[in-house]
Amino acid sequence: MRVKISNILNKYLLTLLSGFIVSVSLLSYGFTDSRLSWMRHSNGISEKEVKKVTMSKKYTNRVYAATDKGFYLSEGKDVYFRRLFNAQIIDNEINDYFVDAEWTENAYLVTSKGVYESKYPFNRFNKIKYANEGDIFKSIVKSGGTLYLGALSGVYSKEETKPLWNKFNGRFKGISIYKLFANKGLVFAFSINSIFRIKGDEIEEVLSLGINSKEAEVDDSDIQPVIKDMFFSDDGKTILTLTERGIYCSSDEGLSFKPMPIAASFGDDLNAISVINDSHGGDKGSDENLELIAGTQRGAYGLKNGKWFPVQRGMEATGVNMLDLAADKGVYAATDSGVFFLSLGQALPDESETHNTEVKTNGELFQSKAMPIEKSTEKLAEIEKFEPQISRVQGMAVEYAEVHPDKIKKWRKDASRKAWLPSLSLGLAQDKNRTIGDSIYGTYSGGGQNYVGPDDKTFYDNLGWDVSLSWDLSELIWNPDQTSIDSRSKMMVELRESVLDQITRLYFERKRLLIELSRLDANDPNFAEIRIRLEELTALIDALTGGEFSREIQRNKEGDNNKAMESKGYSHEVKS
């Protein structure tokens, strides 16, 4: 369940936030990617991919996160996560967690082998439900004093203070449940393509997309539901649901859902949403005043005034698995590359500003010493002349990942030639016979004795060989290897698209930082941070190009130095 923004509190929040919103020009420049910057908050997390992150609603200094193998907690201002549960030792995988932050602060973990419970400070986790053979638990929530557990076999529930779990039969029979959300006494269960609303003993299907018909395949834990996320307003009446077909809105506590007229071309890349401002309350079905951040497989995107734009500054090319709005502080993102935080009160100086500018960051004001535009442009041009073009960098990445289209073309060409080449067969046979006669015959005649033998020994040593050639001319029409090549070609295209998407985003994120760095004086408070981030992006690009990116820059610099020396009359030798 996401943190909720109330329609009633909208005016209060807008008033409360208006001071720093104006100070960072959030409204004057719009909710825009050129001013919002993500910060990495992953210290202490051992695994790279983070599946879920949430902030305690009762203790705002507590942030929880989960990976496949660990459950983590961060407390205090240093934002350092300590591991509370190691699934690598006890279980196979963590699928979900729920922390009752509003009441007991109990934590519940859903793993591949059962459900665990622990109380703060989470020194020990006790198993409260074992997984049945063939069943997999997927999600857990709490509504009132009742726990609800979603599984591939349906839905279970139990009173928090009692040990017995009960299974919902009837409506959920044969239906796999992948996600659960709870709010204001209501529980919403996500199957592959439907949403069920649970209120007490009443269960009804409130949304069905009919995209996927694999409802009955309860043994397939890898199926991805087409309904992804849910966001509640504070009064519980307005509910937004994220699906592969777009965003659906309910203004009657989830009894019915209608598609919102929000254009987006993300398709099944959409994973999560977090509403920043919903001043219309959702009851008008308009998206004019709706401001939200959506997490996709290609990063984060913002929506304002009905238009989408990337919000990816500070976050390298990475998939966003979940978003959690931290009240008036900002947004947490669980991504394939760790945990990131986007402060709504933190913005970078506008690029059109040229001199000292007051910028509010973390509640403090500092003077940003920006260079004059002329000097900044000259400095940027000096840096960029050594930078390889994006097409060159993309070529480096494709070559290093060995996903060039010519590779498939070569395979097809070789396969077409295969029928002309014969199958060669060699045979070798050797026959060795060895006959030995050593019998002795003796006779007595007239007192004498005669001996006969031994027989002559004869050896046979036969060696033979043969060579045969054969052609399968049917392969001139169709080569069965083409089927395998087609499958590999599809996989290679997908991998190439992923590599190109990552390298392109990293390249232009790095270029944006170069522009910012060229405008700052070395004494500017942001200078060191931007430079470190620039080095990080350079390292990421090098990782995707096998270090060729940095080598190319170095070669360009050396070439420029050689030209400068030649222009001054100096000669140099180039060693091969």
Side-chain angles (χ1 to χ4, degrees), residues 1-2 4 52 54 56-59 62 64 66 71 73 84-87 89-191 195-206 218 221 230 232 236 253-254:
M1 185 177 68
R2 303 290 184 269
K4 305 167 281 291
K52 185 174 181 178
T54 53
S56 172
K57 311 310 178 289
K58 186 176 181 181
Y59 306 99
R62 295 181 188 175
Y64 301 91
F71 176 56
L73 168 64
L84 306 175
F85 183 89
N86 190 346
I89 298 175
I90 304 176
D91 273 90
N92 292 329
E93 182 178 348
I94 296 176
N95 292 327
D96 192 21
Y97 71 83
F98 174 77
V99 179
D100 187 11
E102 295 183 359
W103 299 98
T104 61
E105 200 73 9
N106 287 4
Y108 300 93
L109 297 184
V110 176
T111 75
S112 56
K113 291 186 179 180
V115 181
Y116 290 82
E117 177 187 24
S118 182
K119 297 181 179 180
Y120 186 82
F122 312 115
N123 294 323
R124 181 176 180 180
F125 284 83
N126 300 312
K127 184 175 284 190
I128 59 176
K129 183 168 178 58
Y130 289 83
N132 298 323
E133 184 176 356
D135 196 9
I136 296 178
F137 301 146
K138 303 295 289 187
S139 184
I140 191 168
V141 295
K142 179 183 173 184
S143 180
T146 304
L147 292 172
Y148 294 84
L149 176 64
L152 295 187
S153 61
V155 178
Y156 298 86
S157 70
K158 89 174 189 74
E159 293 184 29
E160 188 177 21
T161 57
K162 296 182 180 180
L164 183 63
W165 289 87
N166 300 307
K167 187 174 182 181
F168 283 80
N169 294 315
R171 192 66 184 88
F172 289 116
K173 187 176 182 180
I175 297 178
S176 300
I177 300 300
Y178 293 86
K179 288 186 179 181
L180 294 173
F181 295 89
N183 185 65
K184 301 293 182 182
L186 300 174
V187 176
F188 295 89
F190 287 15
S191 67
I195 297 179
F196 297 87
R197 182 178 183 267
I198 305 174
K199 186 176 182 181
D201 296 329
E202 300 178 4
I203 303 173
E204 57 183 315
E205 187 178 26
V206 293
V218 298
S221 61
M230 185 170 274
F232 301 93
E253 298 182 336

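Source: prediction; values computed, not measured.
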### Arg124 backbone acceptor or donor facing Ser118 side chain under 3.5 Å
yes
### Separation of Ile140 CD1 from Tyr97 OH (nearest 0.5 Å)
13.0 Å
### Side chain Ser143, main chain Ala182, donor-acceptor under 3.5 Å
no
### Heavy-atom pair with the smallest gap, counting every atom of Ile136 and Asn95
CG2-ND2, 3.9 Å
### Task
State whether Lys199 and Glu204 are salt-bridged, where the test is any N-O pair (Lys NZ or Arg NE/NH1/NH2 against Asp/Glu carboxylate O) under 4.0 Å.
no
### Aromatic plane relationship, Phe71 with Phe125 - under 30° parallel, 30 to 60° tilted, over 60° perpendicular
perpendicular
### Message
Students often mix this up, so state it plainly: with edges at 30° and 60°, are the rings of Tyr64 and Phe122 parallel, tilted or perpendicular?
### Response
perpendicular
### Query
So does Asp96 pair up with Lys138, basic N to acidic O under 4.0 Å?
no
### Result of checking Phe137, Phe168, Tyr148, Phe172 against Tyr156 for side chain to side chain contact (heavy atoms under 4.5 Å, CB included)
Phe137
### Task
Show the numbers, then the answer: is there a side-chain contact (heavy atoms from CB on, under 4.5 Å) between Val110 and Tyr116?
CA-CA 7 Å; Val110 176; Tyr116 290 82; over 6 Å; no
### Summary
dist Phe232:CZ -> Leu186:CG (nearest 0.5 Å) comes out at 7.5 Å
### Task
Identify the two heavy atoms, one from Ser157 and one from Thr146, that lie closest to each other, and give their separation to 0.1 Å.
CB-CG2, 4.1 Å
### Message
Once rounded to the nearest 0.5 Å, what's the spacing between atom CG of Asp100 and atom OG of Ser56?
### Response
9.5 Å
### Contact summary for Ile94 and Ala66, nearest pair of heavy atoms
CG2-CB, 4.4 Å
### Query
Taking the side chain from Lys142 and the backbone from Phe98, do they hold a donor-acceptor pair closer than 3.5 Å?
no
### Side-chain donor/acceptor of Lys119 to backbone N/O of Pro121, under 3.5 Å
no
### Query
Are the charged groups of Glu253 and Lys184 less than 4.0 angstrom apart, N to O?
no
### Task
For residues Lys158 and Ile128, determine if any side-chain heavy atom of one lies less than 4.5 Å from a side-chain heavy atom of the other.
yes
### Task
Check step by step if salt bridge (Lys or Arg N to Asp or Glu O under 4.0 Å) holds for Arg197 and Glu202.
CA-CA 8 Å; Arg197 182 178 183 267; Glu202 300 178 4; 5.4 Å; no
### Minimum heavy-atom distance between Phe196 and Ser191, given as atom pair plus value
CE1-OG, 3.9 Å
